[in-house]
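Computed over heavy atoms, backbone and side chain alike; hydrogens, waters and symmetry mates excluded. Chain A is the first sequence line, chain B the second, and so forth, proteins listed ahead of strands; every chain is numbered from 1.
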There are 2 protein chains.
Amino acid sequence: MLNLTFKQLRYFQALVRYGHFGHAADACAISQPALSVQIKELETALGMILFERTARQVRLTAFGAEFALRVRGIVQSVDELGDLARAARGRLTGRLRIGVIPTIAPYLLPTIIGALHQSHPDLDIHVRETVTPRLIQELSDGRIDTAVVALPLSEPAFTEVALFDENFVLVRPDADAGKPVPSRDSLRAMRLLLLEEGHCFRDQALSFCNFGGAVPREGLDGSSLATLVQMVGAGIGVTLIPEMAVRVETRSAPVCVVRFNRPRPSRTVGMIWRKTNPLSAQLLELSEVVRQAGADLRKLP
Amino acid sequence: MLNLTFKQLRYFQALVRYGHFGHAADACAISQPALSVQIKELETALGMILFERTARQVRLTAFGAEFALRVRGIVQSVDELGDLARAARGRLTGRLRIGVIPTIAPYLLPTIIGALHQSHPDLDIHVRETVTPRLIQELSDGRIDTAVVALPLSEPAFTEVALFDENFVLVRPDADAGKPVPSRDSLRAMRLLLLEEGHCFRDQALSFCNFGGAVPREGLDGSSLATLVQMVGAGIGVTLIPEMAVRVETRSAPVCVVRFNRPRPSRTVGMIWRKTNPLSAQLLELSEVVRQAGADLRKLP
DNA sequence: TGGCTGCGATAACTTTTAACTATGCTAAAT
DNA sequence: ATTTAGCATAGTTAAAAGTTATCGCAGCCA
């Protein structure tokens, strides 16, 4: 295997430029013998003479000229590596793969992506939308870099940052608009529509109603909050949704929303990433963007 | 000024490849601590972390991935400096890594290697036998120098040299020896044995029979021409093989071969290499050797 | 011709860098 | 709780690259 060093290539370039060992050595801040030796070793490694040393001047051989052409490209590429690093230092670069659970993604993502596009214009953002256990797996495997989920998780390998708390509101048919706000216990007697298994939001809703392990009813699970609200609009039952979903989801169905009296159901939204991720500092900054997006979203309704 | 060494880049590449300090260090023939230190110095020089070290695996950061992309180009260019020097010395020397597809290798290689041994006695020949897409990949990565494949490929990064055209012949059981030569259409009604997916020869055979996308039959794919011929000998069906395979493959099974009437199925065999490879002139000479080997082989049967 | 002079090569020695071995530390796995 | 796997660190040694001093050769000028 070829045993070239970048130093040799740089020395070579200097010698090409000055055509004089002493001057080139000065330019490289080394002594003339050091340069002589390195050039000689380069020639030995290549098995080719690069310079013709005449009494008055040092000049490239034909092969040396061809060689110099390529060396220029290489040295330039190496210098660009440094530029690349300098440009990237302390900043999110390249690809960012972000996971979001389905009960957050449709509401928060537009804002987040918009904000990220402004703050990091040349960041290549990939989004993965799926339930928490899968996100955890993909985070562990390094298939995503961070995730926005409901906390707490208590995964020891992950850093968790809580961003904001968010209440759940009751969605019921327009016809029920005047009725009193049900208590968590009376809720249990109503026909409560839920997301299908696997969504943490389902478990949070169930837990608020104090259902033990017993699922209230079979066969009425929706695959998204949008579906649930449409079902409520059709008079099939009632459901809970997080505040951030209110604006988007209640526009297209004859339903009304109402806050609960205390104690109110709620969830904590946060961001997670591997503790080992070297971009921790940057991800923490990113989490501020997400927090702000969430705050804006909950202010409106 | 950036103080990278070429060694560090090679070590970096090894670590990218293996994702494991110990294994990468072995591949570089140094100890694990030496590798750790060099990677760390590289990271320090750049001011950027290249790898995320988790307990079980080492994986590139987003920046590291970007970096790796550029490093590949640089390392390849440096390797080509060595090739350039070799080429300038006028002859192929040292190592020549040549890839060959499986439907050519067993028949053409003995002749090629014999001829190369005569014309370039101190050439260290490595052979890689695998399907075309892999050869293309390995050629791009600089893991082989040239490949003998079926043309055309139309890879813009490669030089293609067509060497010779070669017909395919029908192989059927000895019992069928007297029967008339089937047309390409009647062939479709027979039980045609094919190589498994991935071999270009399979596609060429299918295309001759005018099978659209529909594969004729399931579960009868062979992993080599030798297997196919043996299956034919056992009376399971018929198959196509290239002329160069006739002598070797039909010796050990009760089968007979017959040429097709026009239009005859055929393939073009050629050699490819990276356009940037400074050994182009030598590879062109080499291609003459291969052409001659192919001609000799097809003259005999 | 003979002594300068400019310049690259060589030699002997020193410093710096990169390697090795041994060992530590942390996080999975059992 | 203990073992295991795997990267990091420390201390030491070997190799590489640099230094100064000196050589040798070719051209130059008297």
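Ring geometry for A:Phe63 against A:Phe67 counts as tilted: the plane angle lies between 30° and 60°, on a 0 to 90° scale.
Contacts of A:Pro156 with the nucleic acid, taken as non-hydrogen atoms under 4.0 Å apart, are absent. If you check every strand for non-hydrogen atoms under 4.0 Å, B:Gln57 touches nothing.
Comparing A:Phe21 and A:Ala157, the nucleotide of DNA chain C nearest to each residue sits closer to the 5' end for A:Phe21.
Distance alone, capped at 3.5 Å, is enough to place a donor-acceptor pair between the A:Thr146 side chain and the A:Ile272 backbone.
Closest non-hydrogen pair, A:His199 versus A:Pro102, comes out as CE1-CG, 3.7 Å.
Checking the phosphate oxygens (OP1, OP2) of D:dT9, a side-chain nitrogen or oxygen of B:Lys40 falls inside 4.0 Å. Of the side-chain N and O atoms in A:Ser31, none sit less than 4.0 angstrom from OP1 or OP2 of D:dG18. A sub-4.0 Å separation between OP1 or OP2 of C:dA19 and a side-chain N or O of B:Tyr11 is present. One finds a side-chain N or O of B:Lys7 lying less than 4.0 angstrom from the OP1 or OP2 phosphate oxygen of C:dA19. A sub-4.0 Å separation between OP1 or OP2 of C:dA9 and a side-chain N or O of A:Ser36 is present. Look at A:Arg53 and you'll find a side-chain N or O under 4.0 angstrom from OP1 or OP2 of C:dA9.
Comparing C:dA18, D:dG18, D:dC7 by their nearest atom to the side chain of B:Thr5 picks out C:dA18. Nearest to the side-chain atoms of B:Ala34 among the listed nucleotides C:dA28, C:dC20, C:dG8 stands C:dC20. If you check D:dC7, D:dA17, C:dA22 against the side chain of B:His20, the one that comes closest is D:dC7.
A heavy-atom distance below 4.5 Å is not found between the side chains of A:Ile101 and A:Glu129.
The local environment of NZ in A:Lys40 is sparse, with at most 12 non-hydrogen atoms from other residues, nucleotides or ligands closer than 6.0 Å.
The separation between A:Ile30 atom CD1 and C:dA9 atom C1' is 15 Å, rounded to whole Å. Between the CD atom of A:Gln32 and the P atom of D:dA17 there is a distance of 17 Å, rounded to whole Å. Per the geometry, CD belonging to B:Glu52 stands 14 Å off P belonging to D:dC7, to the nearest Å. Atom CG of A:Asn3 is separated from atom P of C:dA18 by 13 Å (rounded to the nearest Å). As rounded to whole Å, 12 Å separates atom P of C:dA27 from atom CZ of B:Arg56. Across the protein-nucleic acid pair, A:His23 atom NE2 and C:dG8 atom P stand 8 Å apart, rounded to whole Å.
If you check distances only, the side chain of B:Gln38 never reaches the base of C:dA18 with a donor-acceptor pair under 3.5 Å.
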